[in-house]
Amino acid sequence: YMTRLAIAGATGLVGRKMLETIDRKEIPFDELVLFSSARSAGQQVEFQGQTYTVRELTEDAAKESFDYVLMSAGGSTSEHFSPIFEESGAIVIDNSSQWRMTEGIDLIVPEVNEPKLDRKIIANPNCSTIQSVVPLKPLQETYGLKRVAYTTYQAVSGSGVKGKADLAEGANGKAPEAYPHPIYNNVLPHIDSFLEDGYTKEEQKMIDETRKILNLDDLKVTATCVRVPVQDSHSVHMSVTLEKEATVEAIQALFENDDRVVLVDNPQNNEYPLAIHSTDKDEIFVGRIRRDDSLDNTFHVWCTSDNLMKGAALNAVQILEQVMSLKGVK
């Protein structure tokens with residue numbers, strides 16, 4: 001039996017990280033097919049000593065039989081092609097926001113939950129949500145959660161190459177293309193489009209996805225999502241209200257002994273999670289844990305993670321590993 005793996009959006013920032021991660025984690029496959037838009041089709045990609053020619057993603061191509069498809073090609077492409085891959089027997093792991101809140105579609109962070117596979121499309125959550133729910137999970141298991149308030153400090157690589165260009169070229173006074181205002185030397189309290197209630201789509205995604213992943217439909221969640229002039233790695237501040245009484249020391253010990261996160265919390269030595277320390281790393285770093293004296297049983301947690309790795313490519317490949325192990329693929 002041959003395992004056929006496809007990556008759609010293989011030439012993009014996340015697609016390339018997916019390839020690196022597949023290589024590093026030694027994901028088993030017999031055949032690999034790389035897809036892209038018509039614009040990037042025909043490019044040559046070197047991978048594991050072989051040269052792959054990137055193919056255009058078409059309906060006929062999606063009807064070929066694949067076992068697993070990693071989709072990193074944007075929402076409208078996924079909306080069109082993921083069901084065709086699914087229909088043809090593939091398990092699709094989609095990196096866009098297209099399917100995340102769809103009934104019957106699993107929204108997965110492997111350290112937190114596992115897929116039921118009612119449908120064969122699995123959604124990869126929003127980058128900021130992924131890095132937040134991983135530390136929230138041990139808190140949920142031990143203390144229970146009543147409320148979570150997020151403030152994010154998100155890197156420009158979350159907007160792909162255009163975001164990175166806006167930051168780099170903004171230094172020379174070039175007008176922004178990815179954002180409505182300069183990101184160089186600036187902070188934008190605006191990610192994705194605005195909704196009628198004044199929240200942005202990104203903020204609403206974090207709220208909805210947190211509830212779905214943690215399976216807490218009634219959890220009180222709020223978010224403010226901010227773009228900052230940082231290349232890579234998102235930082236998230238969480239204010240977390242717990243159901244059972246806790247202490248700072250107990251929460252630090254919980255994180256210290258949990259292999260899902262890395263505790264960096266020695267403020268007297270200026271040691272706390274930093275975006276530059278998270279970049280190119282798999283881990284999620286937590287620190288600056290302190291009690292909020294203005295609210296009952298509420299604690300602050302600062303958390304950083306590479307938004308292209310755990311926030312996107314790594315999480316997708318970990319879902320692939322998870323599904324393969326559920327299916328007994330060695």
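Numbering starts at 1 and runs along the sequence shown. Heavy atoms only: backbone and side chains are in, while hydrogens, waters and symmetry mates are out.
- The stretch residues 281-302 participates, sequence neighbours left out, in these ring pair (Phe, Tyr, Trp, His ring centres under 6.0 Å) pairs: Tyr153-Trp302, His237-His300.
- Using a 4.5 Å heavy-atom threshold, the side chains of Tyr52 and Val33 count as separate.
- A donor-acceptor contact shorter than 3.5 Å is absent between the side chain of Asn269 and the backbone of Glu271.
- Distance alone, capped at 3.5 Å, is enough to place a donor-acceptor pair between the Thr21 side chain and the Lys17 backbone.
- Residues Thr11 and Arg16 have side chains in contact (heavy-atom distance under 4.5 Å, counting atoms from C-beta outward).
- Between the Asp306 side chain and the Asp280 main chain, a donor and an acceptor come within less than 3.5 Å of each other.
- Between Leu117 atom CG and Asp106 atom CG the span is 5.5 Å, to the nearest 0.5 Å.
- With a 4.5 Å cut-off on side-chain heavy atoms, Leu19 and Leu34 count as touching.
- Between Glu86 and Arg119 there is a salt bridge, with a side-chain nitrogen of the basic residue lying less than 4.0 Å from a carboxylate oxygen of the acidic one.
- Applying the 6.0 Å contact sphere to CZ of Arg211 captures more than 12 heavy atoms from other residues, nucleotides or ligands.
- Between Val264 and Pro273, the closest side-chain pair of non-hydrogen atoms falls below 4.5 Å.
- Judged by distance alone, the side chain of Arg260 and the main-chain N or O of Glu111 form a donor-acceptor pair under 3.5 Å.
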Chi angles and distances behind the side-chain contact (heavy atoms from CB on, under 4.5 Å) call for Thr51, Val45: CA-CA 6 Å; Thr51 304; Val45 173; over 6 Å; no
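- In this structure a side-chain-to-backbone donor-acceptor pair under 3.5 Å is present from Asn315 to Ile108.
- Residues Ile22 and Phe29 form a side-chain contact, since some pair of their non-hydrogen atoms from C-beta on lies under 4.5 Å apart.
- Taking the side chain as every heavy atom from C-beta outward, Val323 and Lys120 never approach each other to under 4.5 Å.
- A donor-acceptor pair is defined here as one N or O able to donate and one able to accept, closer than 3.5 Å; no such pair exists between the side chain of Thr200 and the backbone of Phe194.
- Summarising the geometry of Gln231 relative to Ser157, their closest heavy-atom pair is O-OG, 3.0 Å, with the distance given to 0.1 Å.
- The nearest pair of heavy atoms linking Asp23 to Gln48 is OD1-NE2, 3.0 Å.
- Between the side chain of Thr129 and the backbone N or O of Pro125 there is no donor-acceptor pair closer than 3.5 Å.
- Taking every heavy atom of both residues into account, Val92 and Ser82 meet most closely at CG1-OG, 3.6 Å.
- Note that the CG atom of Asp258 and the CD1 atom of Ile284 stand 10.5 Å from one another [nearest 0.5 Å].
- A donor-acceptor pair is defined here as one N or O able to donate and one able to accept, closer than 3.5 Å; no such pair exists between the side chain of Arg100 and the backbone of Glu209.
- Judged as a ring pair (Phe, Tyr, Trp, His ring centres under 6.0 Å), not a single pair has a partner in residues 104-128 (not counting sequence neighbours).
- Checked by atom type and distance alone, the side chain of Gln131 pairs as donor or acceptor with a backbone atom of His234 at under 3.5 Å.
- Other cluster members for Tyr272: Leu274, Ile276, joined by side-chain heavy-atom distances under 4.5 Å among Ile, Leu, Val, Met, Phe, Trp and Tyr.
- Residues Lys205 and Glu202 are paired through a salt bridge, judged by an N-O separation under 4.0 Å between the basic side chain and the carboxylate.
- The line from CG of Asn113 to CG of Leu107 is 7.0 Å long, rounded to the nearest 0.5 Å.
- The distance from atom OH of Tyr143 to atom CG of Asn297, rounded to the nearest 0.5 Å, is 9.0 Å.
- Sorted by first then second residue, the side-chain hydrogen bond (donor to acceptor under 3.5 Å, both in side chains) pairs that include residues 241-250, not counting sequence neighbours, are Thr241-Thr298.
- You'll find the side chain of Lys162 stays beyond 4.5 Å of the side chain of Asp166, heavy atoms only.
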Audit row: Val156, Val230, side-chain contact (heavy atoms from CB on, under 4.5 Å) steps and yes/no: CA-CA 6 Å; Val156 295; Val230 167; over 6 Å; no
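- Using a 4.5 Å heavy-atom cutoff, the side chains of Pro267 and Asp265 are in contact.
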Step-by-step side chain to side chain donor-acceptor pair (under 3.5 Å) determination, Lys310 to Gln318: CA-CA 9 Å; Lys310 184 58 184 165; Gln318 286 173 323; 2.5 Å; yes
From CA spacing to verdict: side-chain contact (heavy atoms from CB on, under 4.5 Å), Ser37, Glu56: CA-CA 5 Å; Ser37 63; Glu56 183 186 348; over 6 Å; no
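- In plain terms, the two heavy atoms of Leu70 and Ala316 that are nearest each other are CD2-O, 4.1 Å.
- Here CG of Leu195 is found 8.5 Å from CD of Glu203. Values are rounded to the nearest 0.5 Å.
- Thr53 and Gln44 make their closest contact through OG1-NE2, 3.0 Å (heavy atoms, listed as atom of the first residue, atom of the second, distance).
- No more than 12 heavy atoms of other residues, nucleotides or ligands sit less than 6.0 Å from atom CD of Glu87.
- For Gln98 (side chain) and Glu79 (main-chain N/O), no donor-acceptor pair under 3.5 Å exists by modelled atom type.
- Counting non-hydrogen atoms of other residues, nucleotides and ligands closer than 6.0 Å to CG of Asp296 gives a total of 12 or fewer.
- Side-chain N/O atoms of Asp60 and Thr58 include no donor and acceptor closer than 3.5 Å.
- A salt bridge links Arg55 with Glu64: at least one charged nitrogen is closer than 4.0 Å to a carboxylate oxygen.
- Within a 6.0 Å radius of CD in Gln268, other residues, nucleotides and ligands contribute more than 12 heavy atoms.
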Side-chain atoms of residues 213-229: list all donor-acceptor pairs with protein atoms under 3.5 Å, sequence neighbours left out, distances to 0.1 Å.
from	atom 1	to	atom 2	distance (Å)
Thr222	OG1	Tyr199	OH	3.1
Arg227	NH1	Ala155	O	2.7
Arg227	NH2	Ser159	OG	3.3

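- Glu169 has a carboxylate O that lies under 4.0 Å from a charged side-chain N of Lys174, or vice versa, which qualifies the two as a salt bridge.
- One side chain, Ser128 or Gln154, offers a donor N or O that lies under 3.5 Å from an acceptor on the other.
- The number of heavy atoms from other shown groups lying within 6.0 Å of CD (Glu26) does not exceed 12.
- Judged by a 6.0 Å distance limit and a 45° cone about the ring axis, Arg4 is positioned over the six-membered ring of Phe66.
- Applying the 6.0 Å contact sphere to NZ of Lys281 captures more than 12 heavy atoms from other residues, nucleotides or ligands.
- Note that the CG atom of Leu136 and the CG atom of Leu242 stand 9.5 Å from one another [nearest 0.5 Å].
- Remark: Phe47 pairs with no residue by the ring-ring contact (aromatic ring centres under 6.0 Å, His included) rule, at least two apart or across chains.
- Listed here is the closest heavy atom pair of Pro182 and Pro176: N-CG, 3.7 Å.
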